[in-house]
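Residue numbers start at 1 and run along the sequence shown. Hydrogens, waters and symmetry mates play no part in the numbers below; they use all other heavy atoms, side chains included.
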Amino acid sequence: MKMKIFPEREYNLQYRFKRERAVEYLTVNTKYSDSLVSGITPKSFIGKVDNQGFRLISSTPGIGAFCILTGTFYTDSCKVNTQVNKPFKILAGIITLMMFATIIMQLITKPGWKNMGLIIPLSMFFFGGSWYLKWTFKRSLHLSINKLNEILIFQQ
């Protein structure tokens with residue numbers, strides 16, 4: 001069984017009109033960028049769109065760059081894969097490594113029960129951080145999918 005640290009979701013969405021129209025609508029509402037970096041723009045998304053698919057982030061300030069939408073256009077549907085953006089994965093990994101290093105250093109320098117005062121808050125921070133990561137992903141995903149639905153008008 002493979003353990004997933006960072007959440008991912010996959011959607012199969014069917015649009016109500018032709019594929020060419022969906023590509024055109026998405027292209028018009030996307031600010032072209034090779035790098036998925038958040039910025040202020042009047043458009044709904046930032047990223048790349050071509051006839052085969054897209055790779056986008058939401059242009060919503062603050063939370064938009066957290067979730068990447070990678071999609072493939074088919075004749076009557078669109079397959080969308082969502083995942084956490086790589087810089088956020090790296091940042092979460094660094095913070096986690098720092099917490100584990102602090103716990104190990106504390107265990108080495110103060111053996112016995114004296115170090116429990118630090119281990120318990122750090123483990124609470126770790127589990128709270130993983131909950132916060134999942135909550136932020138869920139919120140970013142919800143905002144991004146809703147924006148995509150406004151543009152492409154998917155069937156339910």
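For the residue pair Ile68 and Thr70, the shortest heavy atom distance occurs at CG2-OG1, 3.7 Å. Contact detail for Phe45 and Leu69: the closest heavy-atom pair is CE2-CD1, 3.9 Å. Nearest heavy atoms, Val80 versus Phe54: CG2-CZ, 3.9 Å. Heavy atoms only, all atoms of each residue included: Cys67 and Thr82 are closest at SG-CB, 4.0 Å. Residues Val49 and Thr30 come closest through the heavy atom pair CG2-OG1, 3.8 Å. Taking each heavy atom of Lys48 and Leu56 in turn, the nearest pair found is O-CD2, 3.9 Å.
With 3.5 Å as the limit, one finds a donor-acceptor pair spanning the side chains of Ser58 and Lys147.
To the nearest 0.5 Å, atom OH of residue Tyr25 and atom CD of residue Glu20 are 12.5 Å apart. A distance of 9.0 Å separates CG of Asn146 from CG of Leu141, quoted to the nearest 0.5 Å. Separating the CG atom in Leu26 from the NZ atom in Lys43 is a distance of 10.5 Å, to the nearest 0.5 Å.
Side chain of Arg19 to main chain of Asn51: a donor-acceptor pair is present (N/O by atom type, distance under 3.5 Å, no hydrogens or angles). Checking side-chain atoms of Ser44 against main-chain N and O of Asn29 turns up no donor-acceptor pair under 3.5 Å.
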**Message:** Determine whether Thr136 and Phe88 satisfy the following criterion, side chain to side chain contact (heavy atoms under 4.5 Å, CB included), listing intermediate values before the conclusion.
**Reply:** CA-CA 11 Å; Thr136 305; Phe88 291 102; over 6 Å; no
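Side-chain heavy atoms closer than 4.5 Å link hydrophobic residues (I, L, V, M, F, W, Y) into clusters, and following such links, possibly through other members, connects Ile90 to Met98.
The shortest side-chain heavy-atom distance between Phe137 and Arg9 falls under the 4.5 Å cut-off.
Around atom NZ of Lys89, more than 12 heavy atoms belonging to other residues, nucleotides or ligands sit under 6.0 Å away.
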